[in-house]
Amino acid sequence: MGSPVKKTVELFYDVISPYSWLAFEVLTRYKTKWNMDLHLKPFFLGGIMQGAGNRPPGLVPNKMAYMDKDLKRLGEYFRVPLKAPSDPADVMFNKGSLAAMRYVLSVDSLQKEKTEPISREFWMRVWSRDEDITKPESFLQAAAKAQLSDDVAKTALEKMTTDEIKNKLKANTQEALDMGTFGAPTIILHKDGEKHLFFGWDRFELMAHIMGEKWEGPLPELSKM
Ligand SMILES: N[C@@H](CCC(=O)N[C@@H](CS)C(=O)NCC(=O)O)C(=O)O
């Protein structure tokens, strides 16, 4: 069990980002252990790249080739079934995740406790089974797997194109940019009135140190998958 002081941790993520999936699984595994009040904050990585003047690492051929190997090793280590899609560039740079992230936020606005399973299902689709995450029927399939009621799944589909949801996605993206991020995952740890920003799944050891907790590795036995 973690220290008695509850720590507020915000995870800004996009389901197009495989490194965000790792951060998401680790944080949901450690939520109780580190006594965290974990806030899932879907954002739009395309907007982050543009707003921060950054470029996706996948656009650099050597980085893309490295990422492929890196993700294979990481998937095994964390026991997350990561498998690159057959055409990662098409998935990441042409198809993108704008509609998927609007759907996630739409679900979030209707039934907050489903944000976690619907996000996981989107990652399972795109970063494990090479399935579409751009079409309404894909969203409904993900919703069924995440055990959303038909009613919530369909209402989320109608609501995802409203200004409320579009603006919420923009606001989450802007909030992360204003805190100084340039990519995903972005993790904000609140401690003693200060906000500590971490980029990447690979800063958990450091986060644990700042929290006064212990990093005990991937802990697949606590998996929510
Ligand atoms: N070292 C980080 C890398 C994460 C990463 O490459 N994230 C991509 C999205 S999947 C990104 O936003 N990159 C921006 C950058 O590298 O500047 C980790 O292992 O988590």
Side-chain angles (χ1 to χ4, degrees), residues 9-30 38 40-98 100-101 104 119-120 122-131 133-134 169-170 172-189 196-211 215 217-220:
V9 173
E10 297 173 275
L11 170 65
F12 289 85
Y13 65 96
D14 185 317
V15 296
I16 207 72
S17 156
Y19 292 103
S20 294
W21 190 11
L22 298 170
F24 170 92
E25 293 302 343
V26 169
L27 285 173
T28 50
R29 288 174 194 177
Y30 272 80
L38 178 62
L40 296 177
K41 308 277 293 254
F43 73 179
F44 179 50
L45 185 54
I48 294 290
M49 289 294 162
Q50 203 177 23
N54 198 359
R55 317 175 60 209
L59 286 178
V60 179
N62 279 3
K63 279 194 188 174
M64 182 71 128
Y66 173 76
M67 234 174 95
D68 190 47
K69 293 193 190 99
D70 194 37
L71 289 173
K72 272 195 195 111
R73 291 189 291 235
L74 287 167
E76 260 174 56
Y77 178 61
F78 280 101
R79 308 266 183 87
V80 172
L82 262 171
K83 191 170 172 289
S86 50
D87 190 347
D90 185 45
V91 165
M92 289 192 283
F93 310 130
N94 298 331
K95 293 186 174 148
S97 57
L98 185 59
M101 294 318 289
V104 170
S119 302
R120 183 174 287 118
F122 274 116
W123 272 304
M124 288 293 285
R125 289 185 72 83
V126 68
W127 278 103
S128 194
R129 299 193 301 258
D130 197 7
E131 291 172 352
I133 56 156
T134 64
L169 189 62
K170 279 189 199 146
N172 279 1
T173 306
Q174 193 57 49
E175 189 185 336
L177 278 171
D178 290 345
M179 280 183 292
T181 198
F182 52 87
T186 290
I187 301 167
I188 308 290
L189 164 63
H196 301 261
L197 183 147
F198 298 89
F199 166 65
W201 72 266
D202 52 2
R203 289 296 181 267
F204 283 117
E205 206 164 343
L206 190 57
M207 269 182 68
H209 170 71
I210 292 174
M211 279 182 182
W215 168 242
L219 294 183

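Whatever order the structure lists them in is the order used to number ligands and atoms, beginning at 1.
- On a distance-only criterion, Asp202 and ligand 1 share at least one N/O pair closer than 3.5 Å.
- Looking at every heavy atom in both residues, Ile187 comes nearest to Gly200 through CD1-O, 4.0 Å.
- Separation of atoms CE (Met207) and NE2 (His196) is listed at 10.0 Å; rounding is to 0.5 Å.
- Side-chain atoms of Asn172 never come within 3.5 Å of backbone atoms of Lys41 as a donor-acceptor pair (strictly under, hydrogens ignored).
- Of all atoms in ligand 1, listed by their number and element, those nearer than 4.0 Å to a heavy atom of Pro18 are 10 (S).
- Minimum heavy-atom separation, Phe182 to Met49: O-CE, 4.0 Å.
- The closest non-hydrogen atom to atom 13 (N) of ligand 1, taken over Pro185, Pro57, Ala23, comes from Pro57.
- Remark: ligand 1 atoms within the under-4.0 Å shell around heavy atoms of Gly200 are 2 (C), 18 (C), 20 (O).
- When heavy-atom distances to ligand 1 are checked against a 4.0 Å cut-off, Met67 has no atom that comes that close, whether in backbone or side chain.
- Only the side chain of Asn54 comes within contact range of ligand 1, with a heavy atom under 4.0 Å; no backbone atom does.
- Residue Trp201 places at least one N or O, backbone or side chain, under 3.5 Å from an N or O of ligand 1.
- Separating the CZ atom in Arg129 from the CH2 atom in Trp123 is a distance of 14.5 Å, to the nearest 0.5 Å.
- The N/O atoms of Ala184, backbone and side chain alike, include one that comes under 3.5 Å of an N/O atom in ligand 1.
- Side chain of Ser128 to main chain of Pro81: a donor-acceptor pair is present (N/O by atom type, distance under 3.5 Å, no hydrogens or angles).
- The shortest heavy-atom distance from Arg55 to ligand 1 is not under 4.0 Å.
- With Thr181 contributing its side chain and Ala176 its backbone, the two residues share no donor-acceptor pair below 3.5 Å.
- Interface atoms of ligand 1 facing Gly183, defined by a heavy-atom separation under 4.0 Å, are 12 (O).
- Under the 4.5 Å side-chain criterion, counting only non-hydrogen atoms from C-beta, Phe43 is not in contact with Glu175.
- The nearest heavy-atom contact from the protein to atom 5 (C) of ligand 1 is Tyr19 CD1, 3.5 Å.
- Ring geometry for Tyr30 against Trp215 counts as parallel: the plane angle stays under 30°, on a 0 to 90° scale with 60° as the upper cut.
- Given atom 10 (S) of ligand 1, the protein heavy atom at minimum distance is Ser17 OG, 3.2 Å.
- For atom 16 (O) of ligand 1, the nearest protein heavy atom (residue, atom name, distance) is Phe199 CZ, 3.9 Å.
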